[in-house]
Each structure stands twice: as C-alpha cells, then as structure tokens.
Visitor: 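Attaching a single structure in structure tokens format; questions to follow.
What you see below is based on every heavy atom in this structure, not just the backbone, and it leaves out hydrogens, waters and symmetry mates.
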Amino acid sequence: MNKIAAFFKKNMKLISALTFAAILVLCIINRNIFTIEYLEEHMPEQPFPAFCFIMLMYLLKTVSVAFPIRAIQITVGAVFPKYLAFLINLTGSILGFITAYFLGKLLGEDYVEKLVDKYPKFKAIIKCQNNGTTFFSVILRMMNFVPGDVASMYMGASGSSFGKYLFGSIIGIIPSVAIATSMGYYLLDPFSKGFILPFSLLALMSVASFVCGLIYIRKHIPTDT
C-alpha cells in the first residue's frame, strides 16, 4: 500500500494530465459517437453498457480534476429520461465522492495539504469543519471555492467520518445535479424556458454560493493587518 501511495504522490500530476489527454483524444477520435443524436439512438438499446461507460467517465473525472463534471451531467440529462438521468448522475457523483475520499486517504494528509494550498479561500473555509463533518460537507458541495474532487480528497486525508462526509455531500449536491440534468433534458432547445430557467438557477446558485462564502470568510476569519 505504501508503494502505491508513493507512486501516486510522485506521479499524480502526470496521471491527471494523461487522463485528461486520453479523454480528449477519445472524444476527438469518436466525435461522431459523442453527439446527442447518436447517444439518443443507441444508449437506450444498450442501457447497462451505457451506464458503465458513464460511471467510467465519472471515475476518470475524479482523477483528472480539470474535466468538467457539468458536461457529463448535461449529456446524461439529454440522453436518458429525466428521472432516470437524475439517478444516474447522482450515482456517478456518489461514486466520485467515494473514489476521491479514499484517494485522499491513500495520498496522505501532507500531499493533500499541498494541493489545498493552491486554493486560499478553501483553506479559510476549512474552519467550518468545527461545526461538524456533515455540515462542512454540505457547504463544500454548495460553494465553488475549490474543485469537488480536491475537497473530497481533503476530507479523506484529514480522517473525517466517511458516513457523515458522504451523507453531507449527497445532500449538498442534489440541487445542482437536478438542475444540470434538467438543462440536458432541454439541451436541443436552448432558447426554451425549460433550458433557460435551470441555466439561470445554476448561475444564480454559483454567484450566491461565492458571495456567501466571501461573507463568511470576512465575518469569521480576521484579515491580517
């Protein structure tokens, strides 16, 4: 286990870059497949392979922090029936939470702390953890100060309760997953109310979470003078 952890610590940036590059090359080579029309036609005929492929995309996203999770959620929403798409996206998100949590445990606290140092606002918001793991996990999913996978790795590396972390993460992610899935459902009609409303809600949630985070930091964390 120590050898595996050492390998990941030493090569994490390379692994992340290669994963992102592999996803990009795969999408370019198979660009005729990665269209809404093609997916709508073929995925319902092969639901289990399609589900496994989507879960694989969520796993790859966990390793490659730069890969946009919204792209996956919206695509799933465009291809599957709305409620099934929501459940698939929620399952994929949970799989990502679990993978990143245990990846953080594997990499260790020192490595993850260095990763967290790149996000000063996240370091400030960490003090919310004093209010409990569940509450803190909800906050992490609702605020946009740090990529979700980095936050998950921090929770794993810091030894936070897995059950409380996972429960809080699920509660915190449900609104954005529901909205992104709904956007996908109306993706082919981007000027419809069905698309514009969830898009506006998602943008509003992002702005509100950012503003609330700044207010919290200024109120509870003294600035250096």
Visitor: What is the distance from atom CE of Met183 to atom OG of Ser200, rounded to the nearest 0.5 Å?
Guide: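 Nearest 0.5 Å value for the CE-OG distance: 9.0 Å.
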Visitor: If Ile, Leu, Val, Met, Phe, Trp and Tyr residues are connected whenever their side-chain heavy atoms lie under 4.5 Å apart, and connections chain through other members, are Leu197 and Phe195 in the same group?
Guide: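 Yes, because Leu197 and Phe195 connect within a single hydrophobic cluster, where side-chain heavy atoms sit under 4.5 Å apart.
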Visitor: Given the rule that I, L, V, M, F, W and Y join up when any side-chain heavy atoms are under 4.5 Å apart, are Leu87 and Leu166 in one cluster?
Guide: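 In one cluster: yes.
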Visitor: Between Thr181 and Ala85, what is the shortest heavy-atom contact and its length?
Guide: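 For Thr181 versus Ala85, the nearest heavy atoms are CG2-CB, 3.6 Å.
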Visitor: To the nearest 0.5 Å, how far apart are NZ in Lys164 and OG in Ser137?
Guide: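 One gets 10.5 Å once the value is rounded to the nearest 0.5 Å.
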Visitor: Shortest non-hydrogen contact from Ala151 to Leu140?
Guide: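 In terms of heavy atoms, the two residues are closest at CB-CD1, 3.9 Å.
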Visitor: Can you tell me how far CZ of Phe51 sits from CG of Leu84, rounded to the nearest 0.5 angstrom?
Guide: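 Those atoms lie 9.0 Å apart.
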Visitor: Please lay out, stage by stage, how Ile170 and Ile94 fare under the test side-chain contact (heavy atoms from CB on, under 4.5 Å).
Guide: CA-CA 7 Å; Ile170 294 171; Ile94 293 171; 3.8 Å; yes
Visitor: Is there side-chain contact between Leu187 and Thr75, with heavy atoms separated by less than 4.5 Å?
Guide: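 No, side chains not in contact.
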Visitor: Answer yes or no: is there a donor N or O on one side and an acceptor on the other, between the side chain of Tyr101 and the main chain of Ser160, under 3.5 Å?
Guide: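 Indeed, once roles are kept as given, a pair shorter than 3.5 Å links the two residues.
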Visitor: What are the two closest non-hydrogen atoms of Val177 and Leu90, and how far apart are they?
Guide: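 In terms of heavy atoms, the two residues are closest at CG1-N, 4.1 Å.
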Visitor: Side-chain contact, heavy-atom cut-off 4.5 Å: Ser176 with Arg70?
Guide: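 The answer is yes; the side chains approach within 4.5 Å.
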Visitor: With side chains defined as the heavy atoms from C-beta onward, is the minimum distance between Tyr186 and Ile196 less than 4.5 Å?
Guide: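 The answer is no, as the side chains (C-beta and beyond) never meet within the 4.5 Å cut-off.
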Visitor: Any chance you could measure Ile74, atom CD1, to Ile69, atom CD1, to the nearest 0.5 Å?
Guide: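 Here the interatomic distance stands at 11.0 Å.
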Visitor: Under a 3.5 Å threshold, yes or no: a donor from one side chain and an acceptor from the other, between Ser152 and Tyr165?
Guide: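 A pair is found: one side chain offers a donor N or O, the other an acceptor, under 3.5 Å apart.
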Visitor: Could you see if Phe102 belongs to whatever hydrophobic cluster contains Phe97? Use Ile, Leu, Val, Met, Phe, Trp, Tyr and a side-chain cutoff under 4.5 Å.
Guide: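 Both belong to a single hydrophobic cluster.
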Visitor: Is there a path from Ile174 to Phe136 through hydrophobic residues (I, L, V, M, F, W, Y) whose side chains come within less than 4.5 Å of each other?
Guide: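 Same hydrophobic cluster.
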Visitor: Do Phe199 and Ile179 come within less than 4.5 Å of each other through their side chains, counting heavy atoms only?
Guide: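 Counting from C-beta outward, Phe199 and Ile179 never come under 4.5 Å.
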Visitor: Check for a donor-acceptor pair, side chain of Ser192 on one end and backbone N or O of Asp189 on the other, with a separation under 3.5 Å.
Guide: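 At least one qualifying donor-acceptor pair exists.
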Visitor: Please indicate whether Phe86 has more than 12 foreign heavy atoms, meaning atoms of other residues, nucleotides or ligands, lying under 6.0 Å from its CZ.
Guide: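 Yes, enclosed.
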Visitor: Can you name the nearest heavy-atom pair linking Thr91 to Met55, along with the distance?
Guide: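 Closest approach of Thr91 to Met55: CG2-SD, 4.0 Å.
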Visitor: Got Ile88 and Phe80 here, is their nearest side-chain heavy-atom distance under 4.5 Å?
Guide: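 The answer is yes, as the side chains (C-beta and beyond) meet within the 4.5 Å cut-off.
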Visitor: So do the side chains of Tyr58 and Asn89 get within less than 4.5 Å of each other, counting heavy atoms only?
Guide: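 Side-chain contact under 4.5 Å: yes.
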Visitor: Does some side-chain heavy atom of Gln73 sit less than 4.5 Å from a side-chain heavy atom of Ser93?
Guide: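 They are in side-chain contact.
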Visitor: Identify the heavy atoms of Arg141 and Ile173 that sit nearest to each other, and give their distance.
Guide: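 Closest approach of Arg141 to Ile173: CB-N, 3.9 Å.
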